[in-house]
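Okay, so here's the structure we're looking at.
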Amino acid sequence: MAYWLMKSEPDELSITDLARLKNTRWDGVRNYQARNFIRSMAEGDEFFFYHSSCPEPGIAGIARITAAGYPDPTALDPDSHYFDAKASTEKNPWTAVDVSHVETFKKVLGLGYLKQQTALAELPLVQKGSRLSVMPVTAEQWVAVLALR
DNA sequence: GCCAACGTTGGC
DNA sequence: GCCAACGTTGGC
């Protein structure tokens, strides 16, 4: 089983929303590097749910992949914020997965706090200039974050 | 293929 | 709202 970290703006989807929704489609990823990681995900993989672009950026909890990658329908929906005019049913370059809630942390592990952890120095999240919204997490990094809860 | 201009992300 | 950093676009 692999581990990941995925960013979401809590205004769009927060860990609390996910807990209420049970099973949810994770769509709208429009960056090739992030998409490639999405495509390597398997059912049962777990990921840290990161709140971005909000008053308290940080890891808010854990969620699980419940369905591996499939064509992202929002790319074909003209009413969607994520609509891609160049995508078609035959050729849709974008990928979505289904996810469900696992755990909400008692408190958000803030970005500044995460940056202080030497065990997380290699995590793209804490590296300068990194804007990657989906990234792999090693088993060591996973355990290190769990210990901060 | 280069690279300037522009758009986006995301912390602060 | 600002701005640094990165990605994408498009002229040449």
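Residue numbers begin at 1 in each chain, while the letters A, B, ... track the order of the sequences. The figures here come from the full heavy-atom set of this structure, side chains too, leaving out hydrogens, waters and symmetry mates. The model shown is predicted, which means the values in this text are computed figures rather than measured ones.
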Side chain to side chain contact (heavy atoms under 4.5 Å, CB included) partners of A/Thr138, counting only residues at least two apart =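 Here the qualifying residues are A/Glu140, A/Gln141.
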
Among side-chain atoms of A/Asp27 and A/Thr74, is any donor-acceptor pair under 3.5 angstrom?
->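 No pair is found: no donor N or O on one side chain lies under 3.5 Å from an acceptor on the other.
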
Table please: side-chain donor-acceptor pairs of residues 107-116 of chain A below 3.5 Å, with sequence neighbours left out.
none

Any donor-acceptor pair under 3.5 Å linking the side chain of A/Thr24 with the backbone of A/Leu18?
->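 It does not hold such a pair.
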
Aromatic ring pairing A/Tyr3/A/Trp142, orientation class (parallel under 30°, perpendicular over 60°, tilted between) |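 Aromatic pair A/Tyr3/A/Trp142 classed parallel.
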
Please write out each protein N/O paired with an N/O of nucleotides 7-9 of chain C under 3.5 Å, distance rounded to 0.1 Å.
residue	atom	partner	partner atom	Å
C/dG7	O4'	A/Arg131	NH2	3.3
C/dT9	OP1	A/Lys86	NZ	3.2

Protein-nucleotide distance (A/Lys128, atom NZ; B/dG11, atom P), rounded to Å =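 Value for this atom pair: 16 Å.
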
A/Met135 CE to C/dC6 P: how many Å, rounded?
->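 After rounding, the gap between these two atoms is 14 Å.
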
